[in-house]
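What follows is a short report on a single structure.
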Amino acid sequence: MPTGATIGSAAEWGSAPDRGAVGQSRSIAAVERAMDVLLLFGRSGQADLGVTEIATALGLTKAAVHRILTALRSRDLIVLDPTTHRYALGHAAVALGRAYLARTDLRTAAGPELRGLSDLTGETATLSLRRGDTRLHVDQAVPDQEVRLELDVGVPYPLHAGGPSKAFLAFLDDVQISAYLCRRRLARVTDRTITDPVRLRAEIASIRSLGYSTSYGECRTGAASIAAPVFGHDCRVAAVIGVSGPEDRFRPDTVDATEALLAATARISDQLGYRAA
């Protein structure tokens with residue numbers, strides 16, 4: 001070593017890496033706080049939020065919230081109303097949500113849930129979509145049983161006939177339900193199809209209360225089913241998941257079936273961006 005050359009102490013050698021680690025940790029913490037603020041807007045159910053509300057909800061100081069909001073505003077993730085001095089999601093945040101929803105295919109999201117329901121119940125699980133005054137199965141998971149229901153994919157059924165149909169009808173708004181009942185005669189698909197508007201309205205009230213519908217031979221003779229809605233980010237019914245089986249074997253209103261179905265539809269709704277009010 002040249003004469004007069006010195007080296008730092010062990011503590012000095014460790015100081016630069018230590019400072020780097022501390023700085024990195026602080027940067028990560030700042031990013032996490034910013035994400036917490038952004039996510040709060042998504043789950044709050046309010047159109048806008050004030051600094052005090054954000055600080056209270058997340059346990060942050062108002063100064064910290066101001067800094068975070070300033071950073072988010074610089075990227076158009078948050079916007080400030082100059083009149084009310086409240087903040088709302090910006091167009092960049094909306095674009096992120098739309099990009100996610102564009103990649104979220106209903107069949108992809110529902111596929112594992114259909115298989116899980118079919119395995120659990122030993123019956124056929126279905127995904128249905130609404131088309132105007134009708135609904136149709138677009139996918140199904142069939143159990144490995146000798147006696148089983150295989151349903152017709154793509155065949156339309158009226159919204160008052162069967163479990164999946166009634167799950168769509170029940171969660172329309174009251175104006176849409178009244179319009180449906182007024183503009184058509186309630187056709188009888190089987191001898192158990194509900195065709196009395198008064199009785200159907202009572203059924204709708206029950207479905208709304210329970211969160212699911214059941215059917216015993218109302219759409220297909222000898223078939224029993226249970227169905228529940230999947231909600232989208234706009235709080236409207238995006239699809240219906242159902243489980244169907246032979247009526248002499250499948251009891252759709254058992255606790256296991258209802259709990260499994262409602263848990264499945266809740267998970268799919270969550271993937272579609274639905275947040276309950």
Side-chain angles (χ1 to χ4, degrees), residues 98 101-111 113-114 124-141 149-221 223-244 252 261-262 264-266 268-269 271-274 277:
R98 286 174 177 166
L101 292 173
R103 294 195 306 270
T104 305
D105 177 71
L106 258 172
R107 290 189 183 183
T108 301
E113 300 294 350
L114 295 183
T124 300
T126 60
L127 170 67
S128 297
L129 298 181
R130 177 187 165 212
R131 292 293 180 266
D133 285 350
T134 66
R135 63 89 186 168
L136 59 155
H137 297 304
V138 295
D139 202 1
Q140 62 181 321
L149 280 183
E150 289 195 46
L151 304 172
D152 297 323
V153 172
V155 176
Y157 294 95
L159 290 184
H160 62 280
S165 290
K166 292 187 297 182
F168 275 113
L169 183 61
F171 290 94
L172 297 177
D173 63 43
D174 292 339
V175 173
Q176 291 174 303
I177 292 172
S178 294
Y180 178 85
L181 296 178
C182 291
R183 68 173 166 259
R184 61 161 55 232
R185 181 178 64 85
L186 299 180
R188 190 177 296 279
V189 180
T190 73
D191 59 1
R192 294 187 186 176
T193 305
I194 300 174
T195 58
D196 176 10
V198 174
R199 184 183 165 200
L200 187 58
R201 284 187 181 277
E203 181 82 355
I204 286 170
S206 175
I207 293 167
R208 285 180 171 181
S209 175
L210 294 171
Y212 62 87
S213 64
T214 57
S215 170
Y216 293 88
E218 295 174 26
C219 187
R220 182 171 175 172
T221 301
S225 67
I226 182 172
V230 170
F231 294 97
H233 69 285
D234 57 1
C235 298
R236 297 179 180 178
V237 177
V240 164
I241 302 294
V243 179
S244 301
L261 176 63
L262 292 175
T265 54
I268 302 171
S269 297
Q271 290 187 57
L272 297 182
Y274 171 69

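Keep in mind it's a predicted model, so treat the numbers as computed, not measured. Side-chain atoms are counted along with the backbone in the values below, which use heavy atoms only and exclude waters and symmetry mates.
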*Which residues satisfy the salt bridge (Lys or Arg N to Asp or Glu O under 4.0 Å) test with Asp133, sequence neighbours excluded?*
Arg183, Arg184
*Return the set of residues passing salt bridge (Lys or Arg N to Asp or Glu O under 4.0 Å) with Arg208 (not counting sequence neighbours), or none when no residue passes.*
Asp174
*Please name the residue in the list Leu127, Leu129, Leu114 that meets the side chain to side chain contact (heavy atoms under 4.5 Å, CB included) test with Arg107.*
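Testing Arg107 for a side chain to side chain contact (heavy atoms under 4.5 Å, CB included) against Leu127, Leu129, Leu114 leaves exactly one candidate, Leu127.
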_Once you measure the plane-to-plane angle for His160 and Tyr180, does it fall in the parallel (<30°), tilted (30-60°) or perpendicular (>60°) bin?_
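His160 vs Tyr180 ring planes: tilted.
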For [X] versus [Y], what's the shortest heavy-atom pair and its separation?
X	Y	answer
Ser213	Ile207	CB-CD1, 3.5 Å
Leu172	Gln176	CB-OE1, 3.7 Å
Thr195	Ala187	CG2-O, 3.8 Å

Is it true that a side-chain atom of [X] and a backbone atom of [Y] form a donor plus acceptor pair closer than 3.5 Å?
X	Y	answer
Thr221	Gly217	no
Ser209	Ala205	no
Ser225	Ser244	no

Partners passing side chain to side chain donor-acceptor pair (under 3.5 Å) against [X] (at least two apart in sequence or in another chain):
X	result
Ser165	Arg135
Ser128	His137
Thr134	none

*Determine which pairs satisfy salt bridge (Lys or Arg N to Asp or Glu O under 4.0 Å) with at least one residue from residues 196-206, sequence neighbours left out, and list them in order.*
Lys166-Glu203
